Amino acid sequence: MFTQRTYCGEVSDSQSGERIQLGGWVDKKRDLGGIIFLELRDVSGIVQIVIDSSRSPDIAAIAETVRNEFCLRVEGTVRRRSAETVNPSLATGALEVEADYIEVLNSSLTPPFPLDTRNSINEELRLQYRYLDLRREEMRETILARHRATQVIRRYLSANRFIEIETPILNKSTPEGARDFLVPSRISRGMFYALPQSPQLFKQILMVSGFDRYFQVVKCFRDEDLRNDRQPEFTQVDLELSFVTRETVIGVIEGLIAEMLRATIGLEVELPFPRISYDEAMTRYGKDAPDTRFGLELVDCGDIFKGASFNVFSAALASGGIIKCLPVPDDGAISRKMADDYTEYVKTFRAKGLPYVRYREGDFEGGISKFLSESERMALSKKLDLKGVMIVFFGSDREGIVNDTLANLRLKIGRDLNLIDESRFNFLWVLDFPLLEYDEEERRYYAKHHMFTAPREEHVALLDTLTPENINTIKAQAYDIVLNGVEIGGGSIRIHNTDVQKKMFEVLGISEEDAKIKFSFLLEALKYGAPPHGGIALGLDRIIMLLLRRNSIRDVIPFPKTQKGQCMMSDAPSPVSPAQLRELYIKVVDK
RNA sequence: GGGGUGUUAGCUCAGCUUGGUUAGAGUGCCUGCCUGUCACGCAGGAGGUCGCGAGUUCGAGUCUCGUACACCCCGCCA
């Protein structure tokens, strides 16, 4: 029916005088009686259609009956608008199409919510009618930007000799890491596949196979609770390279991200990205993914309070904890009430309280100031370089709690005081992660990244003298990339030496037998001339979310799940028939 | 598993503190008028199980308890 359709948003001045065909949806209708204006919308944008009832009464009669979101075929002549009727807020605003043919291809119910973006709409409703939500300009732009991003990823990586290879979705469940989504096997009674948390093992196998540069834009699955930036299924840009060091991986990713920024939001980014060590990030910001768009750094002041009379501090130090503080310039914005709110806030991170003092031109007042000795005051104002009017918050507890607390408090104050320049995109490499972490309760070691991550070569020997105390001296060849305080990717150079891998399993308390059952194929493969290799995975959804400044990851995923993991549109998950369950040898039991 | 916020017209929200006549606004929707609008304008009209269920009370949108759903956070996840 359409012989040569023109896209609404692409009607151009060069077509002036030409007769064109359009297909789209009624975005708006302005019926002035004798003249009717329709705004017709398709994936490319909007163009104004004019119908003059005195010149074409039949067409005007049809136009009168159309409503918003009717699907139309329109034919007519492109013409320039007179100077005083140009609409500068529309890309095609200098033009319009005088219709000589209108056909209602399909009528539409009145949409349950307005499709123009002025008002915020209940997200539940948007998700229920996602097909309408996706017609909104904001969502359309998001989907298109995401498309451009994935196109650039494929083009850039292909140009850099990466090969796109698919890996299985039905996979083997592996221990550790996130909870697996399981898929029961019908053919093998009582057996289960797991959906991949990432293609980790397979991409390493591909290195052994000699595909020295692999990539995939791939769905990954983790059965954990949802968050603003976490969905049970999400997309990774996954890569792996042979014969490389960390620097090669970093270089490839920096080039890729620069291209992605250009393609999605037209921004030039400065390379290379700054780098920080894990230790420094933890010291200065209290977390391994710092937001560097503003200052307010943490300062360790355990040394100042070594002999403190203030019980809270001395007790924390005595039990092996630390004391850090967060000095904040305060021109009165942090009122007493706010300080109290912050005390409540830090309790969510398991802090017992939030000691603070006010500093005013050399004097300490309020809060815990009466517990500070003269020498402590001196040392503090020197170490923190206190000037003018400031408020200093303290954290004193186990290291993890102090860092967690002050890192989050820093972010909250940064937002409250408007210290964050929202226009910035601060990329940051975080390097030299510890190889292992120690679980106090289970009294065992865990791999911080994963168990195939290589230690730094000069630290391999330290594995023999490992204790929970010296654990942080063993660094991994692991790296994260952070954007505005959000981890957007992480990877490592892998272990390709069987002896080192054995040692790693030993440390993690995984017996040779266990390892064989769980990863025998990878361990076997590594014995057949595995090349040194490493890689990284980027969280595509998160990157798009940050670049487009969307509020949540759900806003950049076409069909996301709610916090309870449900799809409001399709109603998944849902019960299945008893017959289906029987086939799978599955019985649903009560709690 | 835990903490918090919300749920009133198709949509966005007010009303709840201090229970009391017929639950309002804007917008959308419907009808009529209107030949240069672009958030068109003007006039008229329809539209409500105040999420659901108990309770307190002479009387509950409003107070209490429970519950469902959505969102944010802790745990979980890297």
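The shown structure was predicted, so the numbers you read here are calculated from the model rather than taken from an experiment. Throughout, protein chains are lettered first and strands after them, A, B, ... in sequence-line order, and every chain is numbered starting at 1.
- Cation-pi geometry between R136(A) and F113(A) is not satisfied (NZ or CZ under 6.0 Å from the ring centre, within 45° of the ring normal).
- Donor-acceptor pairing under 3.5 Å is lacking for the side chains of R554(A) and Q563(A).
- Summarising the base pairing, rU5(B) is matched to rA70(B) through a Watson-Crick or G-U wobble pair whose two defining distances lie under 3.5 Å.
- The N122(A) side chain lies nearest to rU12(B) when the options are rU12(B), rA70(B), rG36(B).
- rU17(B) and rU7(B) have their P atoms separated by 15 Å, with the value rounded to a whole Å.
- Between the P atoms of rU18(B) and rA25(B), the separation comes to 27 Å (whole Å).
- Between F519(A) and F505(A), the ring planes lie parallel to each other; the angle is under 30°, not in the 30° to 60° tilted range.
- Between the side chains of N403(A) and Y285(A), not a single donor N or O lies within less than 3.5 Å of an accepting N or O.
- A cation-pi arrangement is not found for K28(A) relative to F37(A), the charged atom failing to lie both closer than 6.0 Å to the ring centre and inside a 45° cone about the ring normal.
- Look at Q566(A) and you'll find a side-chain N or O under 4.0 angstrom from OP1 or OP2 of rA70(B).
- Side-chain contact of S277(A) with D279(A): a donor-acceptor pair under 3.5 Å is absent, judged by distance alone.
- When only modelled atom types and interatomic distance are considered, D180(A) and S173(A) share a side-chain donor-acceptor pair under 3.5 Å.
- Judged by distance alone with a 3.5 Å cut-off, a donor-acceptor contact links the side chain of R81(A) to the base of rU37(B).
- Note on S54(A): a base of the nucleic acid sits closer than 4.0 angstrom, heavy atoms only.
- E96(A) comes within 4.0 angstrom of a nucleotide base, judged by non-hydrogen atoms across all strands.
- Atom CG in L95(A) sits about 16 Å away from atom C1' in rG36(B), given to the nearest Å.
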With B for base contact, S for sugar-phosphate-only contact and - for none (protein heavy atoms under 4.0 Å), nucleotides 72-78 of chain B reads BSBBBBB
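- Pairing of rC29(B), defined by two Watson-Crick or G-U wobble distances under 3.5 Å, is identified with rG45(B).
- T110(A) comes within 4.0 angstrom of the backbone, heavy atoms only, and of no base.
- For I121(A), counting side-chain heavy atoms from C-beta on, the closest listed nucleotide (rC30(B), rU12(B), rU37(B)) is rU12(B).
- Using a 4.0 Å heavy-atom criterion, one finds that R79(A) contacts the bases of the nucleic acid, with or without backbone contacts as well.
- No donor-acceptor contact under 3.5 angstrom links the side chains of R67(A) and S107(A), judged on distance only.
- Taking atom CD on E98(A) and atom P on rG36(B), their separation rounds to 15 Å, with Å as the unit.
- The nucleotide rU57(B) finds no pairing partner, because no Watson-Crick or G-U wobble arrangement with both distances shorter than 3.5 Å includes it.
- Relative to the ring axis of F273(A), R275(A) does not place its NZ or CZ within 45° and under 6.0 Å from the centre.
- Residue R30(A) places no side-chain N or O under 4.0 Å from the OP1 or OP2 atom of rU37(B).
- rC76(B) is unpaired under the criterion used here, namely a Watson-Crick or G-U wobble arrangement in which both key atom distances are under 3.5 Å.
- Distance NZ (K561(A)) to P (rA70(B)): 13 Å, rounded to an integer number of Å.
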What string of B, S and - do you get for nucleotides 2-10 of chain B, 5' to 3', when a contact is any protein heavy atom under 4.0 Å? --------S
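- Between the side chains of Y214(A) and Q216(A), at least one donor N or O sits under 3.5 Å from an acceptor N or O.
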